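Computation of the quantities below employed the complete heavy-atom set of this structure, encompassing side-chain atoms and omitting hydrogens, waters and symmetry-equivalent molecules. Predicted model, so just to flag it, every value in this text is computed and none were measured. In each ligand, atom 1 is the first atom listed, and ligand 1 is the first ligand listed. Note that the numbering runs from 1 along the sequence shown for the chain.
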Amino acid sequence: MWDGLCLPLGTGTGSVRALAASMGKDEVLRQELGCLHDIPLYKSFVAGWPQVEAFQARHDDLLIATYPKSGTTWLSEILDAIYHDGDLEKCRRDAIYNRVPFLEMKAPGILSGVEQLEKTPSPRLVKTHLPVHLLPASFQEKDCKVIYMARNAKDVVVSYYYFHQMAKIHPDPGTLSEFLQAFMDGKVAYGSWYKHVKGWWEKRHEKRLLYLFYEDMKKDPWGEVQKILQFLGKEVAEETVARILHHTSFQEMKKNPTANYETMPTTLMDHSLSPFMRKGISGDWANHFTVAQNERFDQHYQQHMAGSDLCFQMEA
Ligand code: A3P
Ligand code: EST
């Protein structure tokens, strides 16, 4: 199956749906996770790991690193718009998952992230959810810039729960209570949120790493985009920044088929179960956690964040 026909999942590719239907979806749908070193991960991604480990980064690659459901797509859309100087036609040239290839992505019948990246001209934007200790060596060797975006654990776990329902590569998440336990135990794809956010936080003083927070981006998108521009060494006119912020607002991205993942085959992502662009707010966890769940989560959180100066805004 790995040698099967390989095509990018494009927005305008009529064959994609037929391909998805015929590609042996049972091989990826609702499977147990495999294991990549110390983290649980989709078995198909684990199978593609040798190519990821050997990936050749280029000096002018920009890596977008996140724990899943932390605003990856939002940050990707912002960066693609910055890279195209706010030209929105160019931003609509393809789906976000093709404009910003997903490094470790591998699934039967479609181009892997590495294969997509090899075909992408520089300067490339690269998406990853890998924890810092599993990053392929060439990103360090080539001294690539990295933007990490973190989001508070409670909103991540709720968003991840809905994502498990709609993105069928994930195992069945069960009840929210069961999923909360799996998340706290690090038994979800990409492993422990705590280790992920803290691992990248330890690198925050490196000159070529910018550590951002979803909650700051919600509260002050203008200020956060200025931080990004300064980090990239780019100057952009104020009206261009305003256009980029409008284009990347939740409401605009939700209705934009090149940003909202609706071009993915429904066999892989079923937006009728939960849309990819779900709520886009901070503090939604409070609509989902019971008082008892919140107390248990807080206790666990304090144990696992003890001694760290990494702080999150949990409230809206
Ligand atoms: P919710 O499920 O809480 O709504 P990722 O891209 O890392 O998978 O993250 C997805 C989360 O980011 C989802 O959170 C999604 O709604 C939110 N998101 C996507 N675009 C956004 C935007 N423009 N503004 C705010 N949140 C956004
Ligand atoms: C999309 C966004 C994301 O942040 C993580 C993942 C993990 C699994 C991915 C899915 C996704 C997009 C759709 C797939 C899936 C693996 C197979 C499927 O084709 C790429």
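Ligand 1 has no N or O atom lying under 3.5 Å from any N or O atom of T66, backbone or side chain. Taking distance alone, with nitrogen or oxygen atoms compared against 3.5 Å, H129 approaches ligand 2 more closely than that limit. Considering backbone and side-chain N/O atoms, K127 comes within less than 3.5 Å of an N/O atom of ligand 2. Distances between N or O atoms of D155 and those of ligand 1 include no value under 3.5 Å. Considering backbone and side-chain atoms together, K279 places an N or O closer than 3.5 Å to an N or O of ligand 1. Of the polar atoms of I281, none of the N or O atoms is found under 3.5 Å from an N or O of ligand 1, judged by distance alone.
The pair D143-R208 counts as a salt bridge, with a side-chain nitrogen and a carboxylate oxygen less than 4.0 angstrom apart. Taking a cutoff of 4.0 Å between a charged side-chain nitrogen and a carboxylate oxygen, D284 and R278 qualify as a salt bridge. One finds no salt bridge joining R99 and D94 here, because no Lys/Arg side-chain nitrogen approaches an Asp/Glu carboxylate oxygen to under 4.0 Å. Electrostatic pairing of R243 and D87 does not count as a salt bridge here, judged by no charged N lying under 4.0 Å from a carboxylate O. R151 and D216 are not joined by a salt bridge, as no carboxylate oxygen comes within less than 4.0 angstrom of a charged side-chain nitrogen. A salt bridge does not link D155 to K218: none of the charged nitrogens lies less than 4.0 Å from a carboxylate oxygen. We find that K227 and E224 are joined by a salt bridge, their nearest charged nitrogen and carboxylate oxygen being less than 4.0 Å apart.
Below 4.0 Å from some heavy atom of T73 lie the following atoms of ligand 1, by number and element: 5 (P), 6 (O). Taking every non-hydrogen atom of M105 and a distance limit under 4.0 Å, the qualifying atoms of ligand 2 come out as 20 (C). Heavy-atom contacts of F102 reach the following atoms of ligand 2: 5 (C), 6 (C), 7 (C) (cutoff under 4.0 Å). Interface atoms of ligand 1 facing S249, defined by a heavy-atom separation under 4.0 Å, are 23 (N). Contact atoms of ligand 1 toward T248: 23 (N) (distance under 4.0 Å to a heavy atom of the residue). Atoms of ligand 1 lying under 4.0 Å from at least one heavy atom of M253, given by number and element, are 20 (N), 23 (N). Listed by atom number, the atoms of ligand 2 under 4.0 Å from A107 heavy atoms are 17 (C). Near M264, with a cut-off below 4.0 Å to any heavy atom, the atoms of ligand 2 are 12 (C), 13 (C).
Remark: among candidates F250, F163, Y214, the nearest residue to atom 26 (N) of ligand 1 is Y214, based on non-hydrogen atoms. Of all the listed residues (R278, M166, R151, M277), R151 holds the heavy atom that lies closest to atom 11 (C) of ligand 1. With T66, L268, I169, T267 as candidates, the residue nearest to atom 16 (C) of ligand 2 on a non-hydrogen basis is I169. Of the listed residues (I64, T72, N256), the one carrying the non-hydrogen atom nearest atom 5 (P) of ligand 1 is T72.
The closest donor-acceptor contact from the side chain of H300 to the backbone of M184 lies under 3.5 Å. No donor-acceptor pair closer than 3.5 Å links the side chain of H304 to the backbone N or O of Y194.
Both the sub-6.0 Å distance and the 45° axial angle are not jointly satisfied by K69 relative to the ring of Y160.
Under a 4.0 Å heavy-atom criterion, M269 is in contact with ligand 2. Every heavy atom of T72 sits 4.0 Å or more from the atoms of ligand 2. Not a single heavy atom of K69 sits closer than 4.0 Å to an atom of ligand 2.
A ring-centre distance under 6.0 Å is found for W74 and Y214. Checked against a 6.0 Å centroid threshold, the rings of H170 and F163 count as neighbours.
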Practice prompt. Apply the test side-chain hydrogen bond (donor to acceptor under 3.5 Å, both in side chains) to residues D298 and Q302: give CA-CA distance (whole Å), side-chain angles for both, the deciding distance (0.1 Å), then the verdict.
Written response: CA-CA 6 Å; D298 279 343; Q302 273 150 27; 5.5 Å; no

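The protein heavy atom nearest to atom 1 (P) of ligand 1 is S159 OG, 3.5 Å. The closest protein non-hydrogen atom to atom 8 (O) of ligand 1 is K69 NZ, 2.8 Å. Protein heavy atom nearest atom 15 (C) of ligand 1, with residue, atom name and distance: F276 O, 3.9 Å.
Checked options K127, K90, R93; the residue passing with D80 is R93 (criterion: salt bridge (charged side-chain N to carboxylate O under 4.0 Å, His left out)).
For K234, the NZ atom is densely surrounded, since the number of other residues' heavy atoms within 6.0 Å is greater than 12.
Contact annotation: the side chain of Y162 never approaches that of K279 to less than 4.5 Å [non-hydrogen atoms, C-beta and beyond].
Only the backbone of S70 comes within 4.0 Å of ligand 1, counting heavy atoms alone; no side-chain atom from C-beta on gets that close. By the criterion of a heavy-atom distance under 4.0 Å, the side chain of I110, and not its backbone, is placed next to ligand 2. When heavy-atom distances to ligand 2 are checked against a 4.0 Å cut-off, Y67 has no atom that comes that close, whether in backbone or side chain.
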